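Chain letters run A, B, ... following the sequence lines, proteins first, then strands; residues in each count from 1. As the structure is a computational prediction, the values presented were derived from the model and not from experiment. Keep in mind that the numbers below use all heavy atoms, side chains included, and drop hydrogens, waters and symmetry copies.
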Amino acid sequence: MSVANCYLPWEAEIVERTQETPDIFTWRLRFTDPEIARQYTFQHGQFNMLYLYGVGEVAISVMSGDGSSLLHTIRAVGRVTQAMMDLRVGDRVGVRGPFGRGWPLFDARGQDIVFVTAGLGCAPVVSSIRYVVANRPDYGRLVIMQSVRYRHEALWAPQYDAWRGLPDTQVLLTSSRDKTRWPLWELGRVGVLLDQADYDKNNCYVMMCGPDQMLRDTAKTLIEKGVPGPRVFVSLERNMQCAVGHCGHCQMGGKFVCKDGPVFPFPEVAALMETEGF
Amino acid sequence: MNPAADPNRTIDIHVPVLTRVEGEGSLEFTARNGKVEKLYLRIYEPPRLFEKFLEGQDYTEVPTIAARVCGVCPIAYQMTSIRAMETLFGVPSDPWIHAMRRVIYYGEWLQSHTLHVNLFAAPDFLGFPDAISMAAKYPEEVRRGMRLQGLGNDLLRLLGGRSVHPIGMKVGGFHRAPPRHEVADMVDKLLIAREDARQFVAWAAGLPYPVDEQEFISVAIQHPQEYGITEGRLVSDHGLRVSFEDYPTHFREYQVAHSTAYYSLMDGRSYFLGPLARMNLNFDRLPQPVQALAQELGIRFPSHNMFMNVVARALECYLAVEDSLRILSDYQLPARPFLDVTPRAGIGHYCTEAPRGMIYHRFELDDAGRVSFATMIPPTSQNQLRIEQNLQTAMERFGLEHSDDELRQFCEQVIRNYDPCLSCSTHFLRLEVHRD
Amino acid sequence: MEHKPKIAIHKFASCSGCQLAFVNMGEDLIELLQLVDLVHMAEVGSMAPEDQQVDIAFIEGSITTPHDVDRLLKIRANSACLITIGACATSGGIQALRNNADSGEWMRSVYAKPEFIQSLSTSAAIANHVKVDFELWGCPVSSRQMFTAIRTLLYGVPPLSLREKVCQECKRRGNVCILVTQDAPCMGPVTRTGCGALCPSFGAPCYTCYGPAEGVNTASFGQRLIGLGLHPDQVARRFASINNAAPAFSEATRLFAGEEGKS
Amino acid sequence: MAEVPRYFPRARLAELISVVQRAGFRVIGPRVDQGALVYREIDGVEDLPQGLTDEQAPGHYRLAANGTQRHFSWANGMSAIKPFVYAPRERLWRVDRDTHGIHFRPLMSIAPRTAILGVRACDLSALILNDAHFLRNLYPDPYYRLRRENLLLIAVNCSHAASTCFCASTGDGPEVSGGYDLLLNELEEGYLVHSGSPSGDEILQKLATARPSRRQLDQARHQLDACRQQQRAMPPAPRLTGLMSRLDHPSWDAVAEQCLACGNCTAVCPTCFCHREVEAPALDGQSSVHRRDWDSCFNEDHSYLVGMLVRPDIKTRYRQWMTHKLATWQEQYGRSGCVGCGRCTTWCPVGIDFVAQARRVLEDEA
Ligand SMILES: Cc1cc2nc3c(=O)[nH]c(=O)nc-3n(C[C@H](O)[C@H](O)[C@H](O)COP(=O)(O)OP(=O)(O)OC[C@H]3O[C@@H](n4cnc5c(N)ncnc54)[C@H](O)[C@@H]3O)c2cc1C
Ligand code: SF4
Ligand code: SF4
Ligand code: SF4
């Protein structure tokens with residue numbers, strides 16, 4: 001990010017666009033300034049501020065890529081994101097980033113890796129899963145747990161199937177609102193998967209993403225099961241406007257989620273996640 | 001062109017919605033054997049019962065609520081109620097406040113008059129269905145009108161904060177005295193606008209008007225020195241000379257069985273209010289430059305050609321620019337922009353000149369300064385009978401042999417000429433249509 | 001843009017002030033008319049029928065007659081997006097004061113022959129009759145609100161609607177709080193932003209013309225007004241003003257007019 | 001007040017102002033507006049208040065004559081320095097669209113060189129906190145920096161504390177301890193003046209001053225001592241972190257009954273930094289301006305997330321304000337975010353007393 005003016009976006013072009021589900025789409029972006037494209041790097045778990053011309057900015061995790069091929073997966077939920085869904089290949093947007101603290105993928109080398117996600121929370125995690133898969137020898141067992149509301153909402157289902165076939169890898173899926181149980185699927189919230197997961201609780205890193213309540217409940221269960229608290233990481237969402245720790249919206253107690261997070265070791269935020277209003 | 005129609009045919013014209021007037025209304029008339037038999041001007045505006053809402057309100061709230069009768073001339077509503085209460089409370093006059101009140105009034109006149117001349121009336125005489133299509137052919141003229149309208153809004157904003165339902169006035173004066181630099185900016189704008197305003201009058205005076213000579217009594221406020229707006233007495237060109245509190249003895253509202261609205265009579269006769277009436281009575285009180293421009297352009301008052309109402313309106317725009325400029329060029333910051341008032345029980349009457357003509361308010365207050373009874377009579381309801389009479393004679397003179405469409409268009413022109421403000425709904429009702 | 005969006009402005013019971021705010025855009029209006037087709041606005045002479053399909057219908061005024069209801073239904077059925085402008089359309093306006101009164105009695109006292117009046121006994125907000133997509137509050141709305149709404153919709157995005165209190169904007173403007181320095185009964189702390197804190201910038205107390213803000217605490221604020229020397233009835237009237245029928249304000253009116261116990 | 005100050009009589013204050021103006025600064029000073037003192041641009045000494053003092057109480061501010069010739073014998077006005085460095089509304093950048101794409105351009109308004117006259121100890125402490133937030137950050141704020149670098153600060157030691165002041169307990173006043181260019185002590189007949197920076201030295205050199213007498217130095221000291229005797233006292237910072245272990249305390253509910261969530265407190269607080277970003281597209285669709293406006297944690301959109309509000313009610317919002325200001329601020333910037341100016345109490349329309357509320361939650365007897 002430009003240190004001279006951290007508020008100023010750079011222009012980027014949509015070079016590819018995929019409609020993943022009726023309300024989720026993926027953009028491949030390229031900075032139009034080759035110099036910026038060359039300099040841009042990110043860590044898994046960081047995010048960019050994407051700007052829609054004339055409307056405003058939203059925080060979106062960086063899925064993968066580099067400055068000339070940057071992937072973002074966006075769910076159309078409100079003013080900005082719904083209008084973003086109408087953009088076409090060739091259209092221009094603004095990008096600022098990357099911001100925040102990412103996943104501890106480096107520290108986690110040699111350990112078992114447990115990913116837990118719910119809902120669209122999967123976006124920031126999927127890029128890390130891909131990273132672990134690509135660097136499989138560096139890590140121990142890989143457990144991927146994902147819950148969705150309805151099975152048909154499961155984004156990247158084929159991708160999950162592919163991961164399932166990898167050695168030392170477990171993929172556990174559940175849908176919380178479906179009525180019928182599908183093969184390879186459980187019914188219920190993510191908690192129902194925890195008992196099936198197979199990992200070394202003393203030598204693992206857990207990375208989680210999803211609604212606050214799911215993060216809190218799952219983290220507590222995992223810690224009760226013996227996973228050391230500092231090994232449990234959560235990625236949080238708060239209202240974000242400046243992304244550089246100035247605007248104050250993302251504060252959670254003394255933390256600025258944008259710069260101190262969005263990824264936190266659970267113990268850093270555990271107390272605040274217990275109380276409504278932080 | 002349509003072939004001439006049989007003038008003795010039975011004509012039933014119903015203009016469902018009058019356009020390019022403030023508010024919504026319609027016209028319905030029937031002619032048989034070459035005579036207009038029945039003619040109603042209908043107002044759609046459903047009753048909003050303002051006089052009732054005002055009962056029980058503190059005098060301080062009255063200007064706020066009264067303004068909501070009409071978004072087109074809120075200053076007239078605020079000012080008339082404010083002055084009614086001030087006269088009751090015995091608030092002395094203050095030159096600064098008086099001058100600023102004229103300026104804010106000029107703002108409203110300028111805004112309302114340019115809107116009418118530019119967007120409502122001109123398309124009639126230049127043969128366009130509406131202002132939008134006229135703008136394509138006369139872009140510069142339309143822009144000039146809009147600039148002047150914008151200037152009116154700027155004057156309103158300077159003293160009132162915004163152009164519709166301004167918030168700057170209160171019983172006793174103004175909430176805020178504009179700081180010097182804002183006034184200086186305004187003076188600059190007025191200086192630039194002078195030429196626009198002169199051209200605007202010339203343009204308006206040169207539009208191809210029909211001639212519609214009518215018999216009518218002009219009524220307006222007259223002031224010994226100034227062009228009457230907020231101070232003076234009521235006069236007519238038939239000998240009326242009375243103070244505002246005598247309004248009820250000479251003017252009377254009544255409802256007629258077949259009609260849709262209250263009508264007003266002055267000493268039993270219909271009368272006419274508005275820019276033309278004002279010019280007819282007060283032309284000699286206009287500032288010198290305004291009289292000079294009229295002479296230069298060959299504009300003469302008094303006039304009984306109804307279409308001169310448009311010209312009168314345009315000339316008042318120039319008056320607004322010139323006189324505001326004179327007042328604001330000598331601007332001094334006052335120690336305080338208002339006088340203290342002490343409420344007292346009693347009845348306050350007042351009249352001022354709204355853009356469309358004289359407006360009358362009467363408030364009955366209790367000792368705590370709360371309203372116990374309110375009456376507000378807008379100019380359009382006072383002009384109502386005059387409009388219908390005008391239509392009747394003008395139509396027969398125009399010739400019933402014209403096609404229905406032409407007749408309809410002509411009627412609309414005649415009505416629009418009064419710039420009737422149908423939003424002033426205090427006394428307008430909507431009734432069923434009586435059809436033959 | 002493939003097609004020029006069609007917009008219409010319809011009037012019901014109102015003072016026409018909001019339409020005028022639109023006409024008062026000045027030269028911006030000319031700019032705007034290059035971007036959209038204004039197909040209905042009686043004031044300027046454009047008169048497409050109510051059943052013409054439009055992209056955006058702006059509604060001014062409240063619903064007071066059965067005929068209004070028919071017209072409104074027709075407009076709604078033919079508009080992709082329906083936006084209320086101003087207090088009348090959004091909350092029923094000042095004329096909603098009659099909702100609580102015996103309007104038959106009121107009619108009789110104002111009109112000699114009330115039997116001719118065909119009128120619903122209430123003045124209702126548009127949302128009481130049809131679905132409203134967006135509300136532009138204010139009495140009147142400002143030209144800026146209207147063209148920002150249109151501009152944003154042209155971008156395919158719903159207009160932003162801020163609901164914070166007038167105080168916030170008042171402080172941004174650097175105004176001194178006249179409630180604190182002069183005990184003025186300024187309604188800023190319960191009134192929705194949008195006007196630019198106009199009244200307090202003129203040293204005048206706010207009178208709620210932009211309607212209730214979000215999360216207002218009318219009970220506490222009303223008590224404070226009593227503390228400043230207002231009689232509870234005066235407090236009730238401060239709430240029962242331009243937006244008297246907005247739920248937060250009508251409840252507050254009842255609370256301070258002491259009718260809570262009676263009903 | 002380490003080194004010895006200089007002295008000039010009251011009549012020379014006008015000269016100080018014109019020296020500063022001639023050095024190329026616009027001068028901001030206290031002015032009376034709608035019954036209160038506020039920092040506004042001044043042309044000269046005639047625009048300053050004279051012989052006025054302030055009476056402050058929860059939800060109450062009045063000016064009153066005090067029969068002196070003094071210009072600064074009041075505690076503080078409605079706003080501190082915050083608006084001059086962190087503007088209430090700041091245009092950040094502009095984007096233009098053409099057939100090639102969209103082009104971003106920063107809107108760095110040229111910050112005028114600005115001298116602020118009459119700055120108090122609490123205001124200076126707050127400015128240091130503003131600096132910490134906006135500048136000592138991985139991404140320093142360029143807009144803030146530009147304004148900040150163009151400031152000349154002429155501070156004044158307080159000679160009178162309002163009933164709402166508690167800077168003595170937070171350690172931020174009433175005596176100015178640093179961060180100024182010039183510092184005044186207003187005495188009955190004139191001023192003691194110190195310089196605190198090279199810019200201050202430069203101005204001081206252009207001013208005719210004298211050595212102060214012992215009596216004058218004593219007067220200054222006594223004034224300050226008297227000013228330290230304040231009616232309110234905030235518990236010390238370490239105790240304030242205890243607020244975070246009392247998030248369920250019933251007095252949060254009680255204060256929520258009274259609080260209007262109007263955000264006047266956060267707006268007048270010299271250290272609150274929250275703002276929202278706003279887009280203002282031009283009507284023709286060819287450009288757009290992106291700006292930021294002061295925001296408040298009392299507003300619903302402050303904690304908005306698609307489909308939910310993190311702080312849905314007045315209770316959680318009030319608690320956010322107080323816990324942030326007094327407790328979690330310490331985690332962020334190593335000290336409490338409150339400098340004891342008392343503005344949040346004076347300018348609260350319903351007069352909620354910040355210190356009393358903190359004590360209630362901490363169950364601390366005043
Ligand atoms: C660190 C981080 C990473 C994210 N990554 C992704 C991602 O990869 N894909 C994705 O689809 N979504 C992601 N989100 C959520 C995304 O930012 C919101 O869905 C988006 O801001 C909604 O904006 P809107 O204008 O469409 O919705 P509206 O409901 O209209 O929201 C209005 C405004 O509120 C703010 N806002 C609302 N919700 C959020 C939120 N959850 N987080 C931050 N600001 C919010 C934004 O400023 C937004 O413009 C992420 C959020 C954060 C904080
Ligand atoms: S301050 Fe209040 S009354 Fe005045 S314009 Fe704004 S909302 Fe309306
Ligand atoms: S919290 Fe209150 S007393 Fe403390 S610095 Fe802010 S406004 Fe001043
Ligand atoms: S969160 Fe609240 S208390 Fe903290 S800086 Fe923002 S507005 Fe001030």
Side-chain angles (χ1 to χ4, degrees), chain A residues 1-13 32 49 51-58 75 77-81 90-94 96 99 120 211-212 236-256 258-260 271-272 274-278, chain D residues 92-93 95 97 100-106 108 133-134 137-144 244-245 247-248 272-282 285 287-288 290 292 295 297 301-308 310-313 315-317 319-320 323-324 327-333:
Chain A
M1 188 63 242
S2 152
V3 182
N5 191 333
C6 54
Y7 283 98
L8 196 68
W10 296 308
E11 186 194 34
E13 179 181 355
T32 51
M49 294 302 286
Y51 167 73
L52 175 64
Y53 176 78
V55 183
E57 288 186 312
V58 287
R75 178 182 217 145
V77 289
R79 284 183 85 231
V80 178
T81 49
D91 286 345
R92 306 296 169 92
V93 294
R96 289 191 291 144
F99 296 114
L120 185 78
D212 280 14
L236 298 182
E237 266 187 34
R238 284 294 178 271
N239 184 300
M240 240 165 237
Q241 310 210 0
C242 73
V244 290
H246 295 161
C247 80
H249 289 90
C250 70
Q251 289 177 94
M252 193 188 190
K255 308 280 182 241
F256 290 91
C258 67
K259 61 172 190 178
D260 302 327
L272 292 173
E274 287 296 333
T275 325
E276 195 203 17
F278 286 96
Chain D
L92 300 176
W93 44 262
V95 56
R97 178 161 72 172
H100 304 294
I102 55 178
H103 313 287
F104 298 92
R105 175 153 59 86
M108 303 287 284
H133 179 72
F134 287 106
N137 181 305
L138 178 59
Y139 299 107
D141 183 305
Y143 306 89
Y144 178 94
M244 291 306 282
S245 47
L247 300 176
D248 296 326
C272 271
F273 49 66
C274 285
H275 56 86
R276 74 166 74 88
E277 294 189 21
V278 181
E279 189 79 9
S287 67
S288 188
H290 194 78
R292 69 176 176 207
D295 196 357
C297 55
D301 65 335
H302 189 274
S303 74
Y304 169 84
L305 284 178
V306 175
M308 73 172 289
V310 175
R311 289 180 281 281
D313 52 20
K315 173 182 161 181
T316 48
R317 296 185 201 169
R319 199 180 57 189
Q320 164 68 19
T323 56
H324 179 220
T328 58
W329 201 291
Q330 300 191 39
E331 182 184 338
Q332 294 171 335
Y333 299 105

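Residue A/Cys250: no heavy atom, backbone or side chain, is found under 4.5 Å from chain D. Residue A/Phe278 touches chain D through both its backbone and its side chain, counting heavy-atom pairs closer than 4.5 Å. Looking at D/Tyr143, only its side chain comes within 4.5 Å of chain A, counting heavy atoms on both sides.
Between atom SG of residue A/Cys258 and atom NE2 of residue A/His249 there is a gap of 11.5 Å, rounded to the nearest 0.5 Å.
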Quiz item: Step by step, would you call D/Phe134 with A/His246 a ring-ring contact (aromatic ring centres under 6.0 Å, His included)?
Solution: CA-CA 7 Å; D/Phe134 287 106; A/His246 295 161; 5.6 Å; yes
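Between chain A and the residues D/His324, D/Arg292, D/His103, D/Lys315, the most heavy-atom pairs under 4.5 angstrom are made by D/His324. Taking chain A as the reference chain and counting heavy-atom pairs below 4.5 Å, the highest number among D/Gln320, D/Gln330, D/Glu277 is found for D/Glu277. Interface remark: of the candidates A/Gly254, A/Gly248, A/Gly78, A/Gly254 forms the most heavy-atom pairs closer than 4.5 Å to chain D. Across D/Thr316, D/Val306, D/Val278, D/Leu305, the residue that shares the most heavy-atom pairs under 4.5 angstrom with chain A is D/Leu305.
Inter-residue side-chain proximity for A/Tyr53 and A/Arg92 is flagged as unmet; no heavy-atom pair is nearer than 4.5 Å. Put simply, the side chain of A/Asp260 does not reach to within 4.5 Å of the side chain of A/Gln251, judged on heavy atoms.
Side chain of A/Tyr7 to main chain of D/Pro106: no donor-acceptor pair is present (N/O by atom type, distance under 3.5 Å, no hydrogens or angles).
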